[in-house]
Number of protein chains: 2
Amino acid sequence: MRQVETLGELDRSMGYVLKQASAALRSAMEEVLLPLQLTMPQYACLELLSRRSGQSSAELARGAFVTRQSMNQVLRGLHDRGLLTRPAVAARGRALPTQLTPEGVARLQVASAAVVGVEQRMVASLTADDQQRLLRHLATCAHALS
Amino acid sequence: MRQVETLGELDRSMGYVLKQASAALRSAMEEVLLPLQLTMPQYACLELLSRRSGQSSAELARGAFVTRQSMNQVLRGLHDRGLLTRPAVAARGRALPTQLTPEGVARLQVASAAVVGVEQRMVASLTADDQQRLLRHLATCAHALS
DNA sequence: TGCCTCATGTCAGCATCCTGACATATACTG
DNA sequence: CAGTATATGTCAGGATGCTGACATGAGGCA
């Protein structure tokens with residue numbers, strides 16, 4: 001494959017370049033998560049729970065950009081593997097608060113380190129200021145379309 | 001839903017914010033493409049063909065970040081709707097060069113205008129310089145992970 | 001109180017995308 | 001020339017995610 005084909009106008013399109021970066025990140029993350037027996041949504045679920053414990057399936061779904069149904073399937077898989085706990089019945093309302101088990105925390109620590117490595121590799125050639133700018137601009141873009 | 005929940009550390013993660021922006025863009029694009037009877041990969045395919053005509057399914061697949069098989073399915077749908085043409089047999093090698101029909105060009109013009117509108121809305125609150133910076137930084141990130 | 005709205009969990013069905021495999025056509029290499 | 005490697009198209013099967021629908025629980029309001 002040639003390096004950039006014709007270096008066409010696509011590289012001027014914000015949408016295309018954003019998709020390109022996102023696809024590259026996803027691919028790289030799946031690569032490092034595969035040996036850890038974790039898929040992308042599974043890792044996202046564990047990460048979200050580590051940031052704030054006791055979230056419901058619907059909350060996790062919004063945080064991971066999937067539907068409630070998909071997140072529920074993810075939660076079952078992680079529950080069956082003993083990485084998190086869910087009450088069988090809701091103590092209040094219908095939400096079932098989820099928590100990481102020690103095994104889940106341990107697994108996440110390894111995975112998180114690998115993912116951080118990928119992120120650092122992604123922005124390695126940017127200065128600290130540019131990284132902050134990029135972070136801020138991306139957040140602005142996301143907010144503008146919400 | 002509260003605005004940003006706890007405004008947690010997730011907003012400091014480059015990967016998360018990138019995914020957030022990408023998801024928002026995809027959602028917004030699907031919203032404007034739905035009335036035009038076009039899905040995301042279908043639009044990407046048409047756009048790629050308008051940039052460079054005669055591309056094979058495999059080339060289009062790489063450009064749209066999907067597999068050859070998925071792109072082949074997309075091409076069939078667009079071919080059945082008369083938006084593009086493919087030779088039944090390869091004139092040389094195995095590649096089947098694809099071209100847009102006038103109907104395909106017309107449909108793409110409308111879709112492209114809608115998508116450009118979405119992209120402009122996304123970066124509306126950024127200065128021209130910041131837009132160029134964002135474009136350049138995203139390309140750098142994508143290249144670093146390839 | 002009764003009613004309405006909203007959020008959550010869950011089930012069934014469908015659409016989409018991918019992995020694995022195979023045949024074919026071209027280019028390269030000994 | 002024969003063998004290998006690479007690229008393309010295609011088929012079959014499975015995995016994943018989504019839409020639509022329903023029941024349940026909480027909160028707000030006349």
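Lettering follows sequence order; numbering is per chain, from 1.
Between A:Ser50 and A:Val105 there is no side-chain heavy-atom pair separated by less than 4.5 Å. Side-chain contact between A:Leu134 and B:Leu138 is present, with heavy atoms from C-beta onward closer than 4.5 Å. Put simply, the side chain of A:Leu108 reaches to within 4.5 Å of the side chain of A:Leu100, judged on heavy atoms.
Checking side-chain atoms of A:Thr101 against main-chain N and O of A:Gly82 turns up a donor-acceptor pair under 3.5 Å.
Distance CG (A:Leu96) to C1' (C:dT8): 8 Å, rounded to an integer number of Å.
The side chain of B:Ser70 places no N or O atom within less than 4.0 Å of a non-bridging phosphate oxygen (OP1 or OP2) of C:dT16.
Distance from the side chain of A:Arg62 is smallest for C:dT8 among the nucleotides C:dT8, D:dT8, C:dG9. You'll find that the side chain of B:Glu59 is closest to D:dT8, out of D:dT10, D:dT8, C:dG9. Nearest to the side-chain atoms of B:Thr67 among the listed nucleotides C:dT10, C:dT19, D:dC18 stands C:dT19. Here the side chain of B:Val66 is nearest to one of D:dG9, C:dC18, D:dT19, namely C:dC18.
Between B:His137 atom NE2 and A:Leu126 atom CG the span is 5.5 Å, to the nearest 0.5 Å. The CG atom of A:Leu96 lies 10.5 Å from the NE2 atom of A:His79; values are rounded to the nearest 0.5 Å. Once rounded to the nearest 0.5 Å, the distance linking CG of B:Leu135 with OG of A:Ser13 reads 8.0 Å. Annotation: the span from B:Leu48 atom CG to B:Arg62 atom CZ amounts to 11.5 Å, rounded to 0.5 Å.
Salt bridge status for B:Glu103 with B:Arg81: absent, with no side-chain N to carboxylate O gap under 4.0 Å.
Using a 4.0 Å cut-off on heavy atoms, the residues of residues 71-83 of chain B that approach DNA chain D are B:Asn72, B:Arg76, listed by number. Interface residues of residues 21-43 of chain A facing DNA chain D, ordered by number: A:Pro41; criterion, heavy-atom separation under 4.0 Å.
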Generate the contact string for nucleotides 21-28 of chain D. Rules: B means base contact, S means sugar-phosphate contact only, - means no protein heavy atom under 4.0 Å.
B-BBSSS-

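Listed by chain and residue number, nothing satisfies the ring pair (Phe, Tyr, Trp, His ring centres under 6.0 Å) test with B:Tyr43 (two or more places apart in sequence, or in another chain).
The overall bend of the helix from C:dT1-D:dA30 to C:dG30-D:dC1, read as the angle between its terminal helix axes built from five base pairs each, is 20° when rounded to 10 degrees.
Closest of all the heavy-atom pairs between A:Ser56 and A:Ala95 is CB-CB, 3.9 Å. In this structure, A:Ser57 and A:Arg86 approach most closely via the heavy-atom pair CB-NH2, 3.6 Å.
Here salt bridge (charged side-chain N to carboxylate O under 4.0 Å, His left out) pairs that include residues 21-40 of chain B, with residues two or more places apart or in two chains, are B:Arg26-B:Glu30.
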